[in-house]
Amino acid sequence: MSNLIELKVPDIGGHSNVDVIEVFVKVGDTVAKDDSLITLETDKATMEVPAEHAGVVKEVRTAVGGKISEGDVIVVIEAAGAAAAANPAPAVAPAAAPVAEAKAAPVAAPAAATHSGTADIECDVLVLGAGPGGYSAAFRAADLGLKVVLVERYATLGGVCLNVGCIPSKALLHNAAVIDEVKHLAANGIKFAAPEIDIDMLRGYKEKVIGKLTGGLAGMAKARKVQVVRGVGSFLDPYHLQVETTEGTGQDKTGAKQTIKFKNAIIAAGSRVVNLPFIPQDPRIVDSTGALELKAVPNKMLVIGGGIIGLEMGTVYSTLGARLDVVEMMDGLMQGPDRDLVKVWEKYNAHRFDNIMTGTKTVAVEAKEDGIYVTFEGAKAPAEPQRYDLVLVAAGRAPNGKLIGAENAGIAVTDRGFIEVDKQQRTNVPHIYAIGDIVGQPMLAHKAVHEAHVAAENCAGQKAYFDARVIPGVAYTDPEVAWVGVTEESAKRDGIKIEKAVFPWAASGRAIANGRDEGFTKLIFDAETHQVIGGAIVGTHAGDMLGEICLAIEMGCDATDIGKTIHAHPTLGESIGMAAEVAHGSCTDLPPQRKK
Ligand code: FAD
């Protein structure tokens with residue numbers, strides 16, 4: 001009887017063709033259950049895929065640099081022990097019946113527990129986690145007339161985004177951008193003295209921004225009569241959540257507990273930073289949260305992970321005076337957008353970096369008195385360990401699905417901690433919904449908010465669906481890199497026939513007037529329908545302009561729709577209209593186009 005088992009890619013949040021950046025096993029290796037097999041990387045996160053069974057590796061069906069999708073076979077193993085299944089990769093049917101719209105969960109749903117005690121609070125909708133997903137769900141549900149309880153372990157609402165993510169990083173990036181812009185004015189005859197940076201005041205500014213926004217949320221919760229309960233929540237069964245009350249600025253438990261009984265629940269418990277196991281504890285080694293604390297500006301800084309979060313924080317520290325190295329296992333920085341956009345960013349930012357180590361891996365980190373010594377392996381690895389004053393580990397984020405007692409409610413959670421949902425955001429337990437980072441990629445605040453509204457509306461008895469055609473992505477670097485929908489690279493990979501139109505900012509009056517004409521705007525059209533299906537912008541304020549392309553895609557616009565829409569002159573946004581004119585053949589701001 002054959003003991004061979006295929007170990008496959010589990011749920012990766014609906015992504016397909018994800019990059020394989022590490023393969024930990026080779027033929028002949030013995031793997032234990034939960035040993036990491038490979039690391040995958042999407043545009044914002046890195047995740048390791050663990051083995052579901054123990055055994056000896058007989059075949060490895062993927063390699064570093066390859067692409068992989070949910071359900072693809074990673075390795076074939078000969079199972080260890082008599083318990084090994086004769087059939088490959090058994091799929092376990094969920095115990096709790098999913099709603100009609102739900103797709104079958106490929107992960108096992110545990111049998112739910114039953115709570116026999118009383119409840120301190122009762123509500124229509126319990127929302128677990130007050131990040132952008134959670135507070136938006138709570139507020140929308142309350143606006144629809146439901147009695148809502150919002151559970152959050154930290155003192156302030158707003159989650160990662162407002163407290164240690166989107167907002168503080170942009171508060172710092174804004175200051176960095178002003179410093180950089182002022183430097184450029186020297187070329188126009190306007191000279192300022194070198195900036196004097198009071199890092200305590202800068203940190204204070206960032207805290208003030210956070211305070212303004214999180215305080216605003218607290219006020220809006222009150223105005224909507226959303227009851228906020230502070231503490232760590234964990235499901236007791238499918239209708240009860242226990243909250244261990246917390247106090248102070250962190251998660252210190254008071255010892256008090258409260259039980260909340262709910263009719264519907266929305267899980268919005270988000271994600272956390274991925275820690276690399278071989279990295280020692282040292283105040284000079286930080287994650288994104290630590291980097292945002294801005295304790296000091298190092299002379300020499302290493303960013304591990306060339307994704308958006310690492311590059312945004314690197315920009316801030318570099319402008320404040322640090323010299324940067326970046327190490328990235330993939331062969332390019334900033335995965336996601338087309339390479340032509342990233343090249344513009346790279347050229348403009350080359351001055352910040354001493355060493356860009358793509359195709360290179362960090363293999364050892366040692367904390368010594370005079371600095372952090374890091375050893376690399378791969379294409380651009382220096383021969384000797386390098387010394388740094390600060391190391392930022394920006395290696396992705398992991399979902400919190402395994403930390404909330406989901407099993408007691410009968411909710412299926414994937415090995416990596418994601419909770420699967422259908423298009424109504426329902427989990428396999430029909431009255432419990434999940435939204436935001438915890439349900440999959442892309443881990444972005446705007447996705448969480450839209451999912452939140454869907455979940456809340458369904459709790460109120462409406463029939464709402466998450467049916468967005470596209471979810472935009474933006475790197476708030478300088479210049480910004482913004483993209484949405486189909487890219488040239490994804491079209492090639494997925495066999496989609498496209499037409500593209502590019503408007504170079506070297507021909508944009510406003511970009512030239514601003515002294516920032518390095519960018520361009522690109523539109524991607526379906527070659528058959530001629531509808532716009534993707535777009536990207538690299539340049540200052542690219543992220544602010546991307547919304548027009550998102551709307552055009554959602555509305556099924558073609559080049560004429562966009563080109564005939566009058567854009568104000570002179571604006572950077574005009575470049576979108578002009579890119580559409582390029583597609584249409586009617587652009588008069590560029591040299592004559594070749595006839596099609
Ligand atoms: P979260 O924001 O993670 O919120 C989850 C909340 O649940 C947290 O407050 C947590 O304390 C609480 N919680 C978890 N478990 C429990 C429990 N058991 N009991 C009680 N409370 C619990 N996204 C963008 O779109 N744009 C950006 O520019 C951007 N920049 C980023 C920069 C950085 C440095 C980082 C780290 C992230 C950034 N993101 C950005 C990602 C964005 O922050 C997340 O996608 C977003 O916060 C996800 O929202 P969420 O509601 O799913 O979860």
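Atom set for the values below is all heavy atoms of this structure, side chains included, hydrogens, waters and symmetry mates excluded. Remember, it's 1-based here, ligands and their atoms both numbered in the order they're listed.
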A.B. asks: With a cut-off of 4.0 Å, which atoms of ligand 1 are near a heavy atom of V232?
C.D. replies: 18 (N), 19 (N)
A.B. asks: Answer yes or no: is there an ion pair linking R516 with D478, defined by an N-O contact shorter than 4.0 Å?
C.D. replies: yes
A.B. asks: Using the side-chain contact (heavy atoms from CB on, under 4.5 Å) definition, which of the options I309, V316, L292 pairs with S169?
C.D. replies: L292
A.B. asks: For the residue pair F235 and F262, categorise the inter-ring angle as parallel (less than 30°), tilted (30 to 60°) or perpendicular (more than 60°).
C.D. replies: perpendicular
A.B. asks: Could you tell me which non-hydrogen atom of A475 sits nearest to which non-hydrogen atom of I308, and how far apart they are?
C.D. replies: CA-CG2, 3.8 Å
A.B. asks: Output the list of atoms in ligand 1 that are nearer than 4.0 Å to some heavy atom of L128, sorted by atom number.
C.D. replies: 17 (C), 19 (N), 20 (C)
A.B. asks: For the 3.5 Å polar cut-off, considering only N or O atoms, please tell me whether E152 and ligand 1 meet it.
C.D. replies: yes
A.B. asks: Does I438 reach ligand 1, in the sense of a heavy atom lying below 4.0 Å from it?
C.D. replies: no
A.B. asks: If you measure every N/O of S169 against every N/O of ligand 1, is any gap under 3.5 Å?
C.D. replies: no
A.B. asks: Are any of the N or O atoms of R153 closer than 3.5 Å to those of ligand 1?
C.D. replies: yes
A.B. asks: With respect to A445, determine whether any N or O atom, backbone or side chain, lies less than 3.5 Å from an N or O atom of ligand 1.
C.D. replies: yes
A.B. asks: Are R397 and ligand 1 in contact, using a heavy-atom cut-off of under 4.0 Å?
C.D. replies: yes
A.B. asks: Which residues satisfy the ring-ring contact (aromatic ring centres under 6.0 Å, His included) test with Y154, sequence neighbours excluded?
C.D. replies: none
A.B. asks: Is it true that T156 and N163 share a donor-acceptor pair across their side chains at a distance under 3.5 Å?
C.D. replies: yes
A.B. asks: Could you list the atoms of ligand 1 found under 4.0 angstrom from a heavy atom of G133?
C.D. replies: 51 (O)
A.B. asks: Taking distance alone, with no angle check, do A448 and ligand 1 share an N/O pair under 3.5 Å?
C.D. replies: no
A.B. asks: Quick one: which ligand 1 atoms are inside 4.0 Å of a heavy atom on L444?
C.D. replies: 23 (N), 24 (C), 25 (O), 45 (O)
A.B. asks: Which ligand 1 atoms, with their elements, are less than 4.0 angstrom from a heavy-atom of G129?
C.D. replies: 6 (C), 7 (O), 12 (C)
A.B. asks: Working note: N175 + Y205, criterion side-chain hydrogen bond (donor to acceptor under 3.5 Å, both in side chains); need CA distance, chi angles, decisive distance, verdict.
C.D. replies: CA-CA 10 Å; N175 283 279; Y205 169 74; 4.8 Å; no
A.B. asks: Any salt bridge linking D143 with R140? Criterion: basic side-chain nitrogen under 4.0 Å from a carboxylate oxygen.
C.D. replies: no
A.B. asks: So, is V160 polar-close to ligand 1, with some N/O to N/O distance under 3.5 Å?
C.D. replies: yes
A.B. asks: Using heavy atoms and a threshold below 4.0 Å, how should the contact between S271 and ligand 1 be classified: side chain, backbone, both, or neither?
C.D. replies: backbone
A.B. asks: Hey, is R272 one of the residues with a heavy atom under 4.0 angstrom from ligand 1?
C.D. replies: no
A.B. asks: Can G231 be said to touch ligand 1, with heavy atoms closer than 4.0 Å?
C.D. replies: yes
A.B. asks: What residue pairs, at least two apart or across chains, pass salt bridge (Lys or Arg N to Asp or Glu O under 4.0 Å) with a residue in residues 243-271?
C.D. replies: D124-K263, E244-K253
A.B. asks: Do K300 and D325 meet the salt-bridge criterion of a basic N to acidic O distance under 4.0 Å?
C.D. replies: yes
A.B. asks: Which atoms of ligand 1 sit under 4.0 Å from any heavy atom of Y154?
C.D. replies: 11 (O)
A.B. asks: Enumerate the atoms of ligand 1 whose separation from the nearest heavy atom of M443 is less than 4.0 angstrom.
C.D. replies: 41 (C), 45 (O)
A.B. asks: Ignoring hydrogens and angles, state whether a donor on the side chain of S575 or T521 is under 3.5 Å from an acceptor on the partner side chain.
C.D. replies: yes
A.B. asks: Under a 4.0 angstrom heavy-atom cut-off, which atoms of ligand 1 come close to Y476?
C.D. replies: 28 (O)
A.B. asks: Side chain, backbone, both or neither: which part of K170 has a heavy atom under 4.0 Å from ligand 1?
C.D. replies: side chain
